[in-house]
Number of protein chains: 2
Amino acid sequence: MAKINGNFQKLPGSYLFTETARRASAYAAAHPDKKLIKLGIGDVTQPLVPSVIKALHEAVDEMGHKSTFKGYGPDFGYDFLIDAIVKNDYEARGVKIGKDEVFISDGAKSDCANISDIFDIDNTVAVCDPVYPVYVDTNAMAGRAGDFGNDGRWTNLVYMPCTEENCFTPSIPSKVPDIIYLCFPNNPTGAVATKEQLKAWVDYANRNGSVILFDSAYEAYISDPSIPHSIYEIDGAAECAIEFRSYSKTAGFTGTRCSYTVVPKALMRGGVSLNWLWGRRQSTRFNGTAYIIQKAAAAIYTEQGKKETRAVIDYYMNNARIIREGLSKVGLQVFGGINAPYIWVKTPGGMGSWDFFDRLLDKANVVTTPGAGFGPSGEGYIRLTAFGDAESAAEAVERIVRNL
Amino acid sequence: MAKINGNFQKLPGSYLFTETARRASAYAAAHPDKKLIKLGIGDVTQPLVPSVIKALHEAVDEMGHKSTFKGYGPDFGYDFLIDAIVKNDYEARGVKIGKDEVFISDGAKSDCANISDIFDIDNTVAVCDPVYPVYVDTNAMAGRAGDFGNDGRWTNLVYMPCTEENCFTPSIPSKVPDIIYLCFPNNPTGAVATKEQLKAWVDYANRNGSVILFDSAYEAYISDPSIPHSIYEIDGAAECAIEFRSYSKTAGFTGTRCSYTVVPKALMRGGVSLNWLWGRRQSTRFNGTAYIIQKAAAAIYTEQGKKETRAVIDYYMNNARIIREGLSKVGLQVFGGINAPYIWVKTPGGMGSWDFFDRLLDKANVVTTPGAGFGPSGEGYIRLTAFGDAESAAEAVERIVRNL
C-alpha cells in the first residue's frame, strides 16, 4: 500500500493566498454589482515594458525557424542572461559572482521551496514572524517543522518575531538555528535591513555554520542608497548565504516566470559544496526556463529596458506613498512602503487581522492580506500592496478611510 | 551547523545526459574539424509550428497592454488550456477527466520528480530497468532508494528488467512495490504496452494499493491504433494511477517548457486524496507556467495546430524508419522506433554500452546514449533518437555502418 507524506495533513487549512482569493471570489459572486479593489496578493498590474515585448517577439521568431530554433537550453540558463546578471546585479554593486554560481529558474517561489531538498531533514530552521508562508509550508511538508500547535506555531521552527518594538527586523535567536530564512526588503512588513544588521547575521552564521537563505525578490524597490541590495555586499556572505532573486516584481514577470538563485562556490557544509548540491538538484528535477522567457529577462538589463522598468517601479512606489500617507493621515499606524512595495498596517482598536480583512472586503470592497496569515506576530496587522493602479490605490484609501 | 542532504552523495557520478554532453563537448573541442551528429539526448530540432508561433506573438502582444496583461495565473493552469486537454487528449479517446484533475506545469521532468514529494519516504519503489534516470535519481535524493551497490543497483529499489526476452515490457515483480513507475511508449527502449498488459498492472495496483506513476510523454508517437495513449483508457486506472504528459516531444517544446499531470480525484490512499496532495504541493512550491506558454500549448489543439504538429511527428518517425532499417540491414539488432521516437540498438559482439558510445563518438562522430546509463539491463545497448534532420539521420546511419 502506497503511503502518503503525512506531513501534508499537518498543514493548517489552505495556502494563505488561496484562502484570501476564495473569500474575495465568494464575495464577488454574492455581490456582482460591487467593484473590488485588490491590494491583497502581490501581483503586478502594469504591462511588460516595450523592451521586453520586443525581445519576446524576436525570440518567438527565432523559435519559428530551423536555423535559430532552440531546444533544451543549458541546465542552469543561457550565458547571455547569466552574464547580464553578473554584470548588472553584482559587479555594478562591487560584488564578484562567478557565472557558475548563478542558476536561472522559473520563480523565486519555486527556488525558495526547492532549496529545502538539498538539506537534511534534521536541521533547525528559523523564520521571521510574520513571514512569507512558502518558507514555513515547505519545511513543514518536508517534515522539518514538527507539529502545528494551538498557538499558531510549528513545534520545531525557531520564530524570530518582527514587531513594532524591533522595527520589524528580527533579533538573533537564543537557540542557534542551522538554516535561517531572511527576506529584505521584507515581505510582508516592508522593512529593510542595514549593512550593519546583515553583517551581524553573516558573522553569526559563519560562527555557527548556519546557512542563510536570503530572499531579495524586492531589492529593486529600495530607494535608500545606504541599504544593501544583495547579501553578498556583506563580507563573509559567500561562505554562508544563498540568494534568491526574481523578475516578478522587478519587471512585472508574475505571469511570465523567471528568476535566479546564487549559490557561491565558497559555501560548503560538511565538506560538500552547496553549489554542487543545488546544481545536481536542478539538473535532475528541472529542465530550465523557456528560451524566449530568458531572452525577455535579458532585455531588462539593456539601457532602455532599465529605464522602462525603473519607470514602472516608480509608478508602483507612488502608489505606496499614496497609501502610506492617506492611511497615516487618519491616524492608522503604517509601516513599510518606502523601500518596499508592501505597506504593513496596524488594525484599528486591536481588531484581529482576519476580522479587519473581512470588514475591508465587506465594507470597503478592498481585498487585503490579513497579517495573521503570515504568522502569529502578524496578528493585528494587514498587508497592502502597491501593485495596483494609481487611481485604484487612491480610491482604496478613500474607501478604507470611509469605513474605518 | 547546517547539515546537507547526504543522499545526494550516494548518487553515482553525474546525471547521465550531463555526462554524455560533457564527453561530446570534449571531443568537439579536441576535433574542431569534425561535424558531430547528435542522436543522443532526446531533443527536438524542428522549429515550433506556425500555429504555435502565431499564438505566441498574439499572447506577447496581450502582455504589452494593460487591459490584456496577465499577472499570476490560476494555480493549476488556465481554463482555455485545461479545457482543450480534457476534450482532445481524453474525451476524444473515450476517457472522462475532470477539469480539476489536470495540473499544468513546466515539464514532465519536473512533475515526475516532484510527485515524489507527496509520498512518504517509506515506500518501496519499482522502476523498469533500463529506465529514464530522473525516476531513480529523484527517489535516491529523497532517501527512498537506499544505497547504490557495486552491481549498479540501488539496494531499496525494485528493478523490473526489460529485456529482449520479455520484449522490453516488464513482468510484475514478486515483491509488491508501493509505487510503480511505468513509461509507455518507453524511454529508452521504444517499447509499448498493450491494453491487456496495462490492465494487468492496473488490477495489480488496485489489488495491492500501489500507485502507478504513468509517464506518457511519447504518446503522440504511437502509430498502432490498438495501443492505448493514456492509462485511463484502462478500467480502474483512475483509482490507482497518475499520468504525466508533455508538449516537449509532441510539439517541440523542449526549449519552451509546458506539460501537465493528471491526478484523478478517485485516487485515495490512507483516506487522503492524492489530487489534494498534489494541488497543495503545487500551490505551495510552484507558481504556474507563463501565460504566453500556455497560449502556445493551447494552439496545438486547434485543427491547424494538430495538422502541423502531426506533420513534424511524421517527419521524425520517418527518421526513425531510416535508422531502424539502415541498421537492421547490416545485421544490428534494433528495437523500438515504430511507436516511439527512440531506437534501442544492441551493441555488436557484446561490446559494452559506454565503449560503443565512445567508439561511435570517436569513429563515426555520432553522439548516442549508452544503454547502461539507463540501468544495468541497458548494458549492451545504445539509444538513438529520431529527433534530428532526415539528412543527418541518413548520414549517421551511413557513418555508423562504415565504422562497425
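Below, all heavy atoms of this structure are taken into account, side chains as well, without hydrogens, waters or symmetry copies.
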Report task. Name the orientation class of the two ring planes belonging to B:F8 and A:W276 (parallel below 30°, tilted from 30 to 60°, perpendicular beyond 60°). Result -> perpendicular

Query raised in the report: Side chain, backbone, both or neither: which part of B:K66 has a heavy atom under 4.5 Å from chain A?
Result: both

**Report entry** B:R285 and A:D137 ion-paired at < 4.0 Å
**Finding:** no

Report task. Drop me the distance from B:D120's CG to A:N7's CG, to the nearest 0.5 angstrom. Result -> 8.0 Å

Query raised in the report: Where does A:H57 contact chain B at under 4.5 Å (heavy atoms): side chain, backbone, both or neither?
Result: both

Query raised in the report: A:T289 versus chain B, heavy atoms under 4.5 Å apart: side chain, backbone, both or neither?
Result: backbone

Query raised in the report: Side chains of A:Y291 and B:T256: does their closest heavy-atom pair fall under 4.5 Å?
Result: no

**Report entry** Which atoms of A:K3 approach chain B - backbone, side chain, both or neither, heavy atom under 4.5 Å
**Finding:** both

Query raised in the report: With a 4.5 angstrom heavy-atom cut-off, which part of A:M63 approaches chain B: side chain, backbone, both or neither?
Result: both

Query - Any donor-acceptor pair under 3.5 Å from B:N5 side chain to A:D117 backbone - result: yes

Query raised in the report: Looking only at heavy atoms, what is the nearest atom pair of B:I4 and A:R269, with distance?
Result: CG2-O, 3.9 Å

**Report entry** Under 4.5 Å from any heavy atom of chain B - which part of A:T284
**Finding:** both

Requested in this report: Answer yes when A:R257 and B:D106 have at least one side-chain N-carboxylate O distance shorter than 4.0 Å, and no when they do not.
Outcome: no

Report task. Check each atom of A:I41 against the heavy atoms of chain B and say whether the ones under 4.5 Å are side chain, backbone, both or neither. Result -> side chain

Requested in this report: Say whether, by atom type as modelled, one donor and one acceptor occur between the side chain of A:N287 and the main chain of B:K109 under 3.5 angstrom.
Outcome: no

Report summary line: CG (A:L277) and CE (B:M141) are apart, to the nearest 0.5 Å, by 9.0 Å

